[in-house]
Each structure stands twice: as structure tokens, then as C-alpha cells.
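Reviewing the structure listed below.
Atoms within a ligand are numbered from 1 in the order they appear, just like the ligands themselves. For the numbers below, each heavy atom of this structure counts, side chains included, while hydrogens, waters and symmetry mates do not.
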Amino acid sequence: MTAAKRIDGKAKAAQLTESITRETATLLAEHGIKPGLAVVIIGKDPASQVYVRNKRRTAESCGFHSVQHSLDADALQPDVLALIHQLNSDDAIHGILVQLPLPEHLDEQLITQAISPSKDVDGFHFINIGKLTAGLTADAFVPCTPAGCMLMIQDEIGNDLSGKNAVVIGRSNIVGKPMASLLLQANATVTVAHSRTKNLPGVVAAADIVVAAVGRPDMVKADWVKPGAVVIDVGINRVEKMIDGEKKMGLTGDVDFDDVGTVAGAVTPVPGGVGPMTISMLMANTLRSARLAAGLEA
Ligand code: NAD
């Protein structure tokens with residue numbers, strides 16, 4: 001059996017970031033506009049700190065105006081909302097991101113829905129969700145993780161997924177559901193599986209495209225997967241792993257990479273797959289927002 005292609009998300013993300021950096025320089029030179037990204041982080045969740053640092057570094061390397069607002073874990077809801085309103089009306093800011101999860105006392109819906117849809121580069125606002133579901137993505141923001149997955153799928157199979165069966169495992173609002181909408185828009189026949197799905201291996205067996213977004217280490221096995229399928233692993237799980245002959249905490253996905261790699265046509269690794277693409281898509285959304293605000297995009 002031949003080994004599957006390892007889809008190098010890190011290299012693809014680097015390419016994308018390079019082209020965003022070039023377009024950003026052109027936007028500044030020709031129109032005097034610098035895309036601005038504001039990241040709001042509340043509390044000290046260690047994983048969130050790492051994500052925010054990576055987003056900020058990438059924004060700076062793209063040549064963006066990048067600001068970070070770090071609020072204490074006990075920040076009051078009116079103060080968070082006031083900050084979002086202030087960023088909504090700041091012309092130097094084109095993208096606003098509130099890093100999730102939020103401390104328990106804060107209302108995630110109220111806060112994410114307070115972000116202006118035109119600056120909602122995470123694509124969580126109901127207006128953007130509605131536009132995506134309706135297939136009207138010309139001026140909508142698509143959530144970054146599924147958008148990145150879609151680029152990787154289309155790089156493997158082509159833009160038109162007519163006749164392809166896609167199975168998305170997971171039905172969250174930030175990954176599973178928007179992923180299903182994007183696949184449907186590209187003409188795939190889409191099944192969304194979740195924790196209540198019966199016979200998940202049987203459902204996955206029919207898929208030419210599998211997207212796993214569950215949060216269960218190494219759940220998807222080779223004997224679930226159709227030979228030649230494209231398998232995209234969104235999961236990020238912290239597990240004990242043998243690294244350089246020592247037991248250490250490391251990251252693993254929802255897909256058993258080595259096992260599935262014996263059957264699939266192409267698989268994304270974790271780390272180095274979906275994660276870096278997610279950050280690049282955030283930059284792409286922010287650049288697009290700046291261009292849309294200036295009337296430079298349809
Ligand atoms: P979530 O917890 O909101 O959703 C998980 C989904 O998995 C649910 O819809 C649930 O029904 C389904 N599920 C749970 N157990 C199942 C089972 N046994 N069989 C089938 N389905 C099952 O999670 P999420 O926010 O969608 O994230 C999913 C994973 O992706 C997590 O590991 C998360 O860390 C990761 N993630 C990665 C990125 C990235 O950039 N790489 C971005 C977002 C999320």
C-alpha cells in the first residue's frame with residue numbers, strides 16, 4: 001500500500017502569508033491603507049496566550065497595524081462591550097477578534113455579536129453565518145479554520161467538488177457547521193456526523209473527503225477510511241507522547257495519522273496542518289476587510 005501524501009499546512013500557510021504581505025505593501029503604497037487587526041484576550045488561559053501571540057506575530061510580519069487588548073479574568077461585561085464598541089468605530093481597525101473561550105461570567109454570544117459584522121474576521125456574527133449559509137460569501141467573513149480546510153481540500157481535488165461525498169465529524173458553530181456549508185457550496189454531497197451519530201465508521205467509509213473536528217485523540221482509524229480519501233484533521237489534543245525517546249506532553253489530532261496514512265490519498269498532520277492555515281486565513285480576512293472598507297472589492 002502506498003503512503004498518503006502529507007499535506008503541509010505550515011508550508012501552505014507560509015506561502016499564503018507571503019502573498020498577503022505583498023498585497024498589504026501594495027495597499028499601503030497605492031492607497032495609504034494599512035490593515036488593522038485588534039485582538040482582545042481576557043484572562044490568562046495558557047493555550048489562548050499562545051494562539052494570540054502567534055496571531056499577533058503573524059499580523060506584524062504581514063505589515064498590519066496590530067493591537068492587543070489584554071483584560072483581567074474578572075473584567076466586567078460592560079467594559080468588554082465598551083471596548084468592542086470603541087474598536088467598531090476605530091477607522092484604523094479592520095478586524096476584531098475576541099479570543100475564546102471567555103471566562104465563565106461573560107456572555108460569549110453577547111460579546112461576539114457586538115462586533116460589527118464588517119469587522120468580524122472570525123466569521124462568528126449571525127450576519128456572516130447567515131450569508132455563508134445562503135451561499136452569499138462575496139462580502140461575508142467565513143470562519144478561519146473551515147476556510148483554511150477548504151483551501152487544502154480544493155488544492156487536492158479542485159474547486160468543484162461535484163460528485164464527491166464529504167463527511168464532517170463534529171457540528172460546532174465554529175468548525176463543523178461552517179465547514180459543511182462551504183463543502184455544500186462547492187457542490188459536495190455533505191454528511192455532518194456528531195456524538196449522536198450511529199455507526200460512525202460506516203458513515204465515514206463512503207467519504208471522499210473527511211474533516212474531523214471532534215477533540216478526541218487519534219479517533220479516526222485506517223479501517224474507517226475509503227482508499228484515496230482526503231482527510232483533514234482539525235483536532236488539537238494535548239496528550240503524553242514519546243518525543244525524542246522521552247515522554248512529554250505534545251499535540252495530536254483526531255486522526256490516527258500513521259494508521260490512516262496507509263489508506264488515505266492525503267492527510268493533514270497535527271501539528272503543522274490546519275492550525276497554521278487558520279492563522280493565515282485570519283490575515284486574509286483582515287486584508288479583505290480593509291479592502292472592502294475602502295471599496296476596493298466587490
Ligand atoms: P466542540 O467541542 O465545540 O465540538 C466537538 C464536536 O464533536 C461536537 O459537535 C460533538 O457532537 C462531536 N463529537 C464529540 N464526540 C464525538 C464522537 N464520539 N463521535 C462523533 N462526534 C463527536 O469542538 P470544536 O470547537 O469544533 O473543535 C473540535 C476540535 O478542533 C478540538 O480539538 C479543537 O481544539 C480543534 N480546533 C482546532 C482549530 C485549529 O485551528 N486547528 C480550530 C478550532 C478547533
Side-chain angles (χ1 to χ4, degrees), residues 7-10 12-14 16-17 39 45-55 57-58 97-102 108-109 112 121-124 129 132 141-153 166-183 190-207 210-221 224-225 231-239 241 249-257 260 267-285:
I7 301 175
D8 189 343
K10 204 171 164 188
K12 272 185 200 296
L16 196 61
T17 306
V39 177
D45 176 65
S48 295
Q49 300 278 340
V50 174
Y51 294 144
V52 163
R53 196 180 324 128
N54 288 342
K55 287 168 187 175
R57 276 193 193 144
T58 313
L97 178 153
V98 176
Q99 185 65 41
L100 302 178
L102 295 176
E108 186 179 307
Q109 282 304 336
T112 50
V121 284
D122 253 340
F124 295 163
I129 295 172
L132 170 60
F141 293 110
V142 174
C144 303
T145 298
C149 294
M150 202 58 195
L151 270 189
M152 293 195 281
I153 292 166
V167 172
V168 180
I169 318 174
R171 57 171 163 182
S172 71
N173 289 333
I174 63 169
V175 189
K177 286 179 194 159
M179 188 72 238
S181 297
L182 285 171
L183 288 161
V190 184
T191 303
V192 182
H194 46 80
S195 56
R196 308 291 178 94
T197 298
K198 270 194 186 158
N199 184 20
L200 184 58
V203 173
V204 172
V210 182
V211 181
V214 180
R216 288 187 140 219
D218 298 336
M219 181 177 83
V220 178
K221 301 291 183 191
W224 296 25
V225 172
V231 181
I232 306 291
D233 191 353
V234 181
I236 300 177
N237 306 290
R238 226 160 260 284
V239 292
K241 266 177 142 179
M249 291 310 281
L251 295 183
T252 196
D254 292 343
V255 174
D256 186 335
F257 182 84
V260 168
V267 196
T268 62
V270 175
V274 173
M277 285 299 284
T278 296
I279 297 187
S280 292
M281 295 314 295
L282 175 68
M283 303 305 139
N285 277 352

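Under the 4.5 Å side-chain criterion, counting only non-hydrogen atoms from C-beta, V270 is not in contact with F257. By the 4.5 Å heavy-atom criterion applied to side chains, P101 and S48 are counted as neighbours. Within the 4.5 Å cutoff, the side chain of C144 has heavy atoms near those of the L282 side chain.
Pairing each heavy atom of C149 with each of I232, the nearest pair is SG-CG2, 3.6 Å. Heavy atoms only, all atoms of each residue included: P178 and N173 are closest at CD-O, 3.1 Å.
Evaluation of the side chain to side chain contact (heavy atoms under 4.5 Å, CB included) rule for I236 yields Y51, L251 as partners, not counting sequence neighbours.
For ligand 1, residues of the protein lying within 4.0 angstrom by heavy-atom distance are T145, I169, G170, R171, S172, I174, V175, H194, S195, L200, A213, V214, G215, R216, V234, G235, I236, V274, G275, T278.
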